[in-house]
Number of protein chains: 2
Amino acid sequence: QGTRDHPPAHMTLRDRLFATVVACFKRHGAAAIDTPALELRETLMGKYGDDSKLIYELQDQGGELLALRYDLTVPFARYLAMNKITNIKRYHIAKVYRRDNPATTRGRYREFYQCDFDIAGQFDPMIPDAECLKIVHEILSELRLGDFLIKVNDRRILNGVFAICGVPESKFITACSTVDKLDKMSWEDVRSEMVGEKGLSPEAADRIGEYIQLHGGLDLIEQLLQDPKLSQNKLAKEGLGDMKLLFEYLTLFGITGKISFDLSLARGLDYYTGVIFEAVLVQQENNQVEEPVSVGSVAGGGRYDGLVGMFDPKGRKVPCVGVSIGIERIFSIMEQRVKASGEKIRTTETQVLVATPQKHLLGARLKLISELWDAGIKAEMLYKKDPKLLKQLQYCEDTGIPLVAIIGEQELTDGVVKLRVVTTREEVRI
Amino acid sequence: QGTRDHPPAHMTLRDRLFATVVACFKRHGAAAIDTPALELRETLMGKYGDDSKLIYELQDQGGELLALRYDLTVPFARYLAMNKITNIKRYHIAKVYRRDNPATTRGRYREFYQCDFDIAGQFDPMIPDAECLKIVHEILSELRLGDFLIKVNDRRILNGVFAICGVPESKFITACSTVDKLDKMSWEDVRSEMVGEKGLSPEAADRIGEYIQLHGGLDLIEQLLQDPKLSQNKLAKEGLGDMKLLFEYLTLFGITGKISFDLSLARGLDYYTGVIFEAVLVQQENNQVEEPVSVGSVAGGGRYDGLVGMFDPKGRKVPCVGVSIGIERIFSIMEQRVKASGEKIRTTETQVLVATPQKHLLGARLKLISELWDAGIKAEMLYKKDPKLLKQLQYCEDTGIPLVAIIGEQELTDGVVKLRVVTTREEVRI
């Protein structure tokens with residue numbers, strides 16, 4: 001349940017998608033790594049908040065207690081700490097596992113791919129962070145998924161807002177996870193969760209509400225830097241200062257048009273410590289192409305400066321910032337597009353079919369196809385001793401093979417091959 | 001235990017290896033598929049003989065009882081039956097899981113990649129089988145792993161041998177698994193296992209011993225076809241007839257020089273029904289390049305005509321033949337080669353580093369690098385506001401970046417970029 005087989009047509013589309021994403025990651029100088037799908041249970045525990053219950057655990061069959069990885073970020077942090085790596089720019093494309101309620105029509109599965117790009121190391125503020133946003137911008141633009149918006153916030157600003165609204169520090173993380181629901185719930189419902197379940201005062205909730213409904217650009221950052229209360233909070237001030245720097249860099253990249261500083265963005269996971277971001281597709285009303293059903297966020301990420309230290313025996317920190325491309329959701333959209341367009345996807349790359357028009361020529365076909373393979377040419381033949389020529393031509397039409405190399409008795413005598421273009425029926429003897 | 005992280009240098013080498021293998025599979029017209037790493041436990045049970053105990057089971061957390069796939073063949077058969085596919089040529093490269101005793105120096109892990117190519121469908125005899133052997137020959141030749149030998153046998157011939165030597169049919173499979181150990185154990189030990197553990201008569205064991213020590217080519221096939229006892233056995237006769245046909249096709253492919261018809265080849269798995277094969281590297285005594293430690297078989301496969309039917313509610317059979325490339329063992333060999341050669345593998349593909357020679361030019365770097373990325377050029381910069389030029393050049397030398405695009409105050413004034421070749425220090429203003 002919640003998993004699926006990928007038939008050839010899926011794989012071809014998926015390979016195209018991966019190729020675009022990997023090309024972007026490589027363009028930004030990233031190296032690839034891989035980690036096992038199995039991790040020690042203790043590595044994963046306590047990193048995902050409430051979602052830890054979604055981790056697949058392996059049966060105790062003797063030896064270590066294992067679980068399937070839930071994301072690629074925690075294994076990455078474990079990898080850095082274990083190998084004492086303090087500086088790397090890497091990408092990782094692999095499957096992760098979550099015992100979630102599958103919603104397969106919206107591209108949510110229990111086994112799915114993540115495509116992560118992360119920059120680890122002690123650097124000057126916001127330069128790697130800005131590059132992560134540039135990467136999201138490049139990938140979403142290249143894939144032509146339609147208009148998109150990248151929401152940006154900073155955990156320090158959010159925590160500052162909580163602090164000046166009277167939320168005790170111990171409740172910052174839980175308040176964050178409630179704010180995170182604003183994209184699915186109305187403010188009224190979020191407010192009542194804050195007051196009811198999370199035990200905040202109604203006044204605190206209302207004050208939070210005023211802040212988190214704000215969104216804008218540099219002007220909003222300037223306005224908040226002037227805010228008499230928020231500017232007094234050390235964390236918020238730091239966050240706002242960095243946000244201003246980030247917007248400066250994004251302006252140089254020429255991408256601020258698609259960026260929104262949005263105080264309601266919270267992100268669910270515990271481990272974020274600074275800038276956070278999430279890209280969503282924007283529905284267009286007068287769109288020529290039929291837009292697919294709402295798919296939510298298509299990329300997300302942020303800064304997590306404390307995670308690597310959790311795996312280091314001496315707690316040595318390695319600051320990290322990274323982005324995860326929501327490849328499954330994007331794949332769902334592209335799949336619907338292909339369906340709607342009626343495009344027939346070729347699942348093989350065969351260039352030529354080796355065919356014979358008469359009987360008793362299997363040997364000639366085997367000899368010729370072997371020569372073609374050895375010359376690096378993608379070639380197929382039917383696995384029949386004496387197939388009919390029509391069947392062989394039909395196979396080309398069905399699978400999109402553009403050329404047929406025909407050897408009959410005449411061609412064998414003359415020492416030639418008849419090469420035929422399937423679509424035009426044009427023939428040459430070579 | 002028995003798993004590993006793959007750092008960038010591994011991944012680069014692995015990508016090269018996969019590229020060679022995938023290119024060969026595509027050259028033969030195969031399409032890609034993927035299946036989940038998780039399967040229902042019942043799908044895997046009873047397919048792997050004694051090795052079923054090596055299957056990783058997931059904890060029962062409610063819902064279905066799951067296990068991690070043990071190979072790619074059983075999921076492929078399940079996929080064909082579930083989707084009623086009776087005809088496909090596919091490849092599948094993915095990780096499989098075995099709770100085996102790891103022997104990591106010999107490339108044996110608990111999580112490892114398999115690279116499988118299979119042809120499913122009802123075809124004329126031995127044409128797809130011959131193609132599988134051609135594929136093994138192409139891949140091993142292209143990878144230049146040194147001399148190799150592909151051993152070929154047929155389960156029907158083996159079973160015929162057992163029958164005429166007086167082994168009851170109920171003991172064919174278990175006798176097979178003992179014969180399979182001949183590459184690791186002496187004939188004496190294999191014989192005593194047959195007589196002791198497996199309960200065959202000493203006379204039967206001795207008669208089996210005479211047959212399974214035979215190996216050769218077409219001449220041996222002809223000899224056995226004349227064998228008064230074996231030629232009377234229906235199964236063996238069928239198998240020998242097909243083996244003769246196979247050698248005919250392999251002669252047309254020009255690869256019989258590396259093929260040995262070897263009656264001791266048995267293969268461990270239950271599901272084979274016809275031709276079986278295994279490729280091994282052959283140690284050369286006077287080799288110039290130091291040969292790596294013995295790595296055993298580097299490819300194997302065979303025909304399994306009954307497996308798909310086990311997953312079909314009506315038992316409908318789909319004949320299949322396929323090959324699995326032992327990518328991990330090949331990877332171990334290539335890794336040792338690279339180490340021995342001292343080759344430095346670049347793990348990134350960055351073409352140019354954007355650098356500045358003076359302070360306060362971060363903005364200029366961000367602007368230029370953004371233009372390069374948008375033009376599809378692989379570019380990096382240091383994540384420092386004011387890095388020293390020497391550090392920037394050093395980074396190029398360390399990571400193999402061939403070009404530096406330098407923008408200083410003079411270049412900004414003149415509206416040019418200074419492009420420098422790292423190795424020759426040659427510079428042009430553009």
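Sequence lines set the chain letters: A, B, ... in the order given, protein chains first and strands last, and positions in each chain run from 1. A quick note: this is a predicted structure, and the numbers were derived from the prediction, not measured. All heavy atoms count here, side chains included; hydrogens, waters and symmetry mates do not.
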A:Ile135 portion near chain B, given a 4.5 angstrom heavy-atom threshold: neither
Option that, when pairs with chain B are counted at under 4.5 Å, heavy atom only, ranks first among A:Arg27, A:Lys378, A:Lys26: A:Arg27
Flag for B:Glu131-B:Tyr249: side-chain donor and acceptor within less than 3.5 Å: no
Part of B:Glu138 within contact of chain A (heavy atom distance under 4.5 Å): side chain
Side-chain H-bond candidate by donor/acceptor type, A:Arg365 with A:Thr356, under 3.5 Å: yes
Chain A contacts, top residue of B:His10, B:Met11, B:Gln351 (heavy-atom pairs, under 4.5 Å): B:Met11
Engaged part of B:Leu65 at the chain A interface, taking heavy atoms whose separation is under 4.5 Å: neither
Residue among B:Leu58, B:Leu382, B:Ile255 with most heavy-atom pairs under 4.5 Å to chain A: B:Leu58
Engaged part of B:Gln122 at the chain A interface, taking heavy atoms whose separation is under 4.5 Å: backbone
Proximity breakdown for B:Arg14 and chain A, heavy-atom pairs closer than 4.5 Å: neither
Contacting region of B:Ala37 [heavy-atom separation from chain A under 4.5 Å]: both
Close side-chain approach of B:Arg346 to B:Pro402, heavy-atom, < 4.5 Å: yes
Chain A contact via B:Leu40 - which portion, at a heavy-atom distance below 4.5 Å: neither
Choice from B:Met381, B:Arg90, B:Lys384 maximising heavy atom contacts with chain A below 4.5 Å: B:Lys384
B:Arg99, part contacting chain A, at a heavy-atom distance under 4.5 Å: side chain
N/O donor-acceptor pair under 3.5 Å between A:Glu328 side chain and A:Tyr113 backbone: yes
Salt bridge (Lys or Arg N to Asp or Glu O under 4.0 Å) evaluation trace for A:Glu111 with A:Arg4: CA-CA 8 Å; A:Glu111 175 189 67; A:Arg4 61 190 156 160; over 6 Å; no
Distance-only polar pair, side chains of B:Tyr70 and B:Glu39, donor-acceptor under 3.5 Å: no
Check: A:Ala379 main-chain N/O paired with A:Trp373 side-chain donor or acceptor under 3.5 Å: yes
B:Ala32, part contacting chain A, at a heavy-atom distance under 4.5 Å: both
Contacting moiety of B:Leu68, where chain A heavy atoms sit under 4.5 Å: side chain
Among the listed options B:Glu248, B:Met126, B:His6, the residue most often paired with chain A at heavy-atom distances under 4.5 Å: B:His6
Which atoms of B:Lys134 approach chain A - backbone, side chain, both or neither, heavy atom under 4.5 Å: side chain
Chain A contact via B:Ile369 - side chain, backbone, both or neither, heavy atoms under 4.5 Å: side chain
Residue among B:Thr12, B:Leu38, B:Thr350 with most heavy-atom pairs under 4.5 Å to chain A: B:Leu38
CA sep, side-chain torsions, deciding dist, call: B:Arg78, B:Val74, side-chain contact (heavy atoms from CB on, under 4.5 Å): CA-CA 6 Å; B:Arg78 194 262 311 144; B:Val74 168; 5.5 Å; no
Chain B contacts, top residue of A:Cys24, A:Gly62, A:Ala9, A:Pro128 (heavy-atom pairs, under 4.5 Å): A:Pro128
Short side-chain donor-acceptor distance under 3.5 Å, B:His92 and B:Asp34: yes
Best-contacting candidate, A:Thr348, A:Leu252, A:Asp5, against chain B by heavy atom pairs under 4.5 angstrom: A:Asp5
Residue, of A:Leu362, A:Leu66, A:Asp60, that accumulates the most heavy atom pairs under 4.5 Å with chain B: A:Leu362
Side-chain donor or acceptor of A:Lys89 paired with backbone N/O of A:Ala31 under 3.5 Å: no
Region of B:Ile85 in contact with chain A, defined by heavy-atom distances below 4.5 Å: neither
Any B:Ile407 side-chain heavy atom under 4.5 Å of B:Leu361 side chain: no
NZ (B:Lys53) with more than 12 external heavy atoms under 6.0 Å: yes
Under 4.5 Å from a heavy atom of chain A, the part of B:Gln61 involved: both
Top of A:Gln1, A:Glu142, A:Arg110, A:Gln59 for chain B proximity - count of heavy-atom pairs under 4.5 angstrom: A:Gln59
Winner by heavy-atom pair count (cut-off under 4.5 Å) against chain A, out of B:Phe253, B:Tyr79, B:Tyr383, B:Tyr97: B:Tyr383
A:Lys95 vs A:Tyr109, side chain to side chain donor-acceptor pair (under 3.5 Å): CA-CA, chis, key distance, verdict: CA-CA 11 Å; A:Lys95 287 175 174 180; A:Tyr109 291 88; over 6 Å; no
When A:Thr251, A:Asp124, A:Ile401, A:Thr347 are compared by non-hydrogen pairs under 4.5 Å with chain B, the top option: A:Asp124
Residue B:Lys367 versus chain A: region with a heavy atom under 4.5 Å: both
Minimum heavy-atom distance B:Tyr56-B:Arg98, with the two atoms named: CE1-C, 3.7 Å
Residues A:Leu403, A:Leu353; criterion side-chain contact (heavy atoms from CB on, under 4.5 Å); working and verdict: CA-CA 6 Å; A:Leu403 297 170; A:Leu353 185 86; over 6 Å; no
B:Cys320 side chain reached by B:Leu80 side chain, heavy atoms, under 4.5 Å: yes
